[in-house]
Colleague: 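If you scroll down you'll find the structure; I have some questions about it.
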Amino acid sequence: MEKTNEKEKEFRFETHGPKYIFRGPKIEWGIIVLRKGDELGAHYHKEVEETFYFLEGSGIMKIGDTEYTIEKGDAFRIEANEIHNIIAKSEIRVIFIKCPFLPEDKVNV
């Protein structure tokens, strides 16, 4: 068993970006905050499946060459090898889950 609280964790860029809540042993998950105009950055995973659930905000989820409008409550499951990116049109708050736990699996495009 493991317990934590979000306020015990830090964002990658102090106030925004990814914040990992749990990392391993089987999954990793956390929260991403993107400011208006920010992008997650196009990338894919060689083996990892990634799921996003949007808590707040609006923007674009780009998967391959297809763009989807994001709104609160949307969820996306991204297969391994699918290039994806998030583009924030307003501040976005999203939960992400990655499985299996392979921290070196990400490939930036």
Side-chain angles (χ1 to χ4, degrees):
M1 198 289 285
E2 184 177 356
K3 179 194 178 293
T4 191
N5 187 293
E6 178 189 350
K7 64 186 167 201
E8 298 170 359
K9 307 297 182 171
E10 295 182 10
F11 286 106
R12 182 175 292 159
F13 306 114
E14 192 174 325
T15 60
H16 62 284
K19 177 194 287 193
Y20 289 90
I21 306 299
F22 289 110
R23 297 198 83 181
K26 295 182 181 179
I27 69 168
E28 63 183 333
W29 76 271
I31 297 165
I32 301 169
V33 171
L34 297 176
R35 302 166 302 177
K36 182 178 180 178
D38 284 350
E39 292 189 28
L40 181 61
H43 68 282
Y44 67 92
H45 303 274
K46 294 180 271 184
E47 296 181 52
V48 170
E49 177 180 293
E50 189 165 18
T51 301
F52 297 94
Y53 177 73
F54 290 86
L55 300 167
E56 298 174 6
S58 63
I60 302 294
M61 169 63 88
K62 188 169 182 182
I63 303 169
D65 293 327
T66 305
E67 294 185 353
Y68 301 89
T69 301
I70 297 167
E71 62 182 52
K72 179 180 177 178
D74 283 344
F76 294 85
R77 186 180 58 79
I78 313 298
E79 299 274 350
N81 295 304
E82 285 187 306
I83 297 172
H84 54 285
N85 191 12
I86 301 170
I87 303 155
K89 300 297 182 186
S90 69
E91 184 170 291
I92 289 177
R93 189 169 179 89
V94 57
I95 294 172
F96 68 93
I97 303 166
K98 297 192 285 188
C99 184
F101 177 61
L102 297 170
E104 305 303 320
D105 186 66
K106 180 179 174 182
V107 178
N108 291 316
V109 178

Colleague: Is it the case that one hydrophobic cluster holds both Leu55 and Ile21, taking links as side-chain heavy atoms less than 4.5 Å apart, direct or via other members?
Modeller: yes
Colleague: Scan for side chain to side chain donor-acceptor pair (under 3.5 Å) pairs involving residues 63-72, sequence neighbours excluded, and state none if there are none.
Modeller: none
Colleague: Do Glu2 and Thr4 have side chains that get closer than 4.5 Å, going by heavy atoms?
Modeller: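 The answer is no; the side chains never approach within 4.5 Å.
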Colleague: Does anything in residues 73-94 pair up under salt bridge (Lys or Arg N to Asp or Glu O under 4.0 Å), and if so which pairs, sequence neighbours excluded?
Modeller: Glu6-Arg93, Glu49-Arg77, Arg77-Glu79
Colleague: Mind checking what makes salt bridge (charged side-chain N to carboxylate O under 4.0 Å, His left out) contact with Glu50, not counting sequence neighbours?
Modeller: none
Colleague: State plainly whether one hydrophobic cluster holds both Tyr53 and Ile60, where clusters connect Ile, Leu, Val, Met, Phe, Trp and Tyr through side-chain heavy atoms under 4.5 angstrom apart.
Modeller: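 Different clusters.
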Colleague: Are the side chain of Ser90 and the backbone N or O of Ser58 linked by a donor-acceptor pair below 3.5 Å?
Modeller: yes
Colleague: For the CD1 atom of Ile78 and the CD1 atom of Ile63, what is their distance to the nearest 0.5 Å?
Modeller: 3.5 Å
Colleague: Can you get from Phe96 to Ile86 by hopping between Ile, Leu, Val, Met, Phe, Trp and Tyr side chains that sit under 4.5 Å apart?
Modeller: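 Linked within one cluster.
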Colleague: Which atom pair, heavy atoms only, marks the closest approach of Ile83 to Ala42?
Modeller: CG2-CB, 4.3 Å
Colleague: Could you walk me through whether Ile92 and Phe54 satisfy the side chain to side chain contact (heavy atoms under 4.5 Å, CB included) test, starting with their C-alpha distance in whole Å, then the side-chain angles of each, then the deciding distance to 0.1 Å, before giving a yes or no?
Modeller: CA-CA 7 Å; Ile92 289 177; Phe54 290 86; 3.7 Å; yes
Colleague: So which pairs with a foot in residues 39-48 pass salt bridge (Lys or Arg N to Asp or Glu O under 4.0 Å), sequence neighbours left out?
Modeller: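 Those involving residues 39-48 do not exist here.
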Colleague: Flag this pair as yes if the NZ/CZ of Lys19 is under 6.0 angstrom from the six-membered ring centre of Phe11 and inside a 45 degree cone about the axis; otherwise no.
Modeller: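 Relative to the ring axis of Phe11, which defines the angle, Lys19 lies inside both limits.
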Colleague: For Tyr20 and Lys9, run side chain to side chain contact (heavy atoms under 4.5 Å, CB included): C-alpha distance rounded to whole Å, both residues' side-chain angles, the deciding distance at 0.1 Å, then the answer.
Modeller: CA-CA 7 Å; Tyr20 289 90; Lys9 307 297 182 171; over 6 Å; no
Colleague: Shortest non-hydrogen contact from Leu34 to Ala88?
Modeller: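 Smallest heavy-atom distance, with atoms named: CB-CB, 3.9 Å.
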Colleague: Same cluster or not: are Val33 and Leu40 linked, directly or through other Ile, Leu, Val, Met, Phe, Trp or Tyr residues, by side-chain heavy atoms under 4.5 angstrom apart?
Modeller: no
Colleague: Decide yes or no for Trp29 and Ile95: does some side-chain heavy atom of the first lie under 4.5 Å from some side-chain heavy atom of the second?
Modeller: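 They are in contact (side-chain heavy atoms under 4.5 Å apart), so the answer is yes.
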Colleague: Side-chain contact, heavy-atom cut-off 4.5 Å: His84 with Phe76?
Modeller: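 Side-chain contact under 4.5 Å: no.
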Colleague: Which residue pairs satisfy the salt bridge (Lys or Arg N to Asp or Glu O under 4.0 Å) criterion with at least one member in residues 99-109, sequence neighbours excluded?
Modeller: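 Counting only pairs at least two positions apart or across chains, no salt bridge (Lys or Arg N to Asp or Glu O under 4.0 Å) contact touches residues 99-109.
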Colleague: Suppose we screen for salt bridge (charged side-chain N to carboxylate O under 4.0 Å, His left out). Which residues come up paired with Lys98, at least two apart in sequence or across chains?
Modeller: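 Lys98 satisfies salt bridge (charged side-chain N to carboxylate O under 4.0 Å, His left out) with Glu28 once adjacent residues are dropped.
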Colleague: Is there a path of hydrophobic side-chain contacts, each under 4.5 Å between heavy atoms of I, L, V, M, F, W or Y residues, that connects Ile70 with Val94?
Modeller: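 In one cluster with Ile70: Val94, yes.
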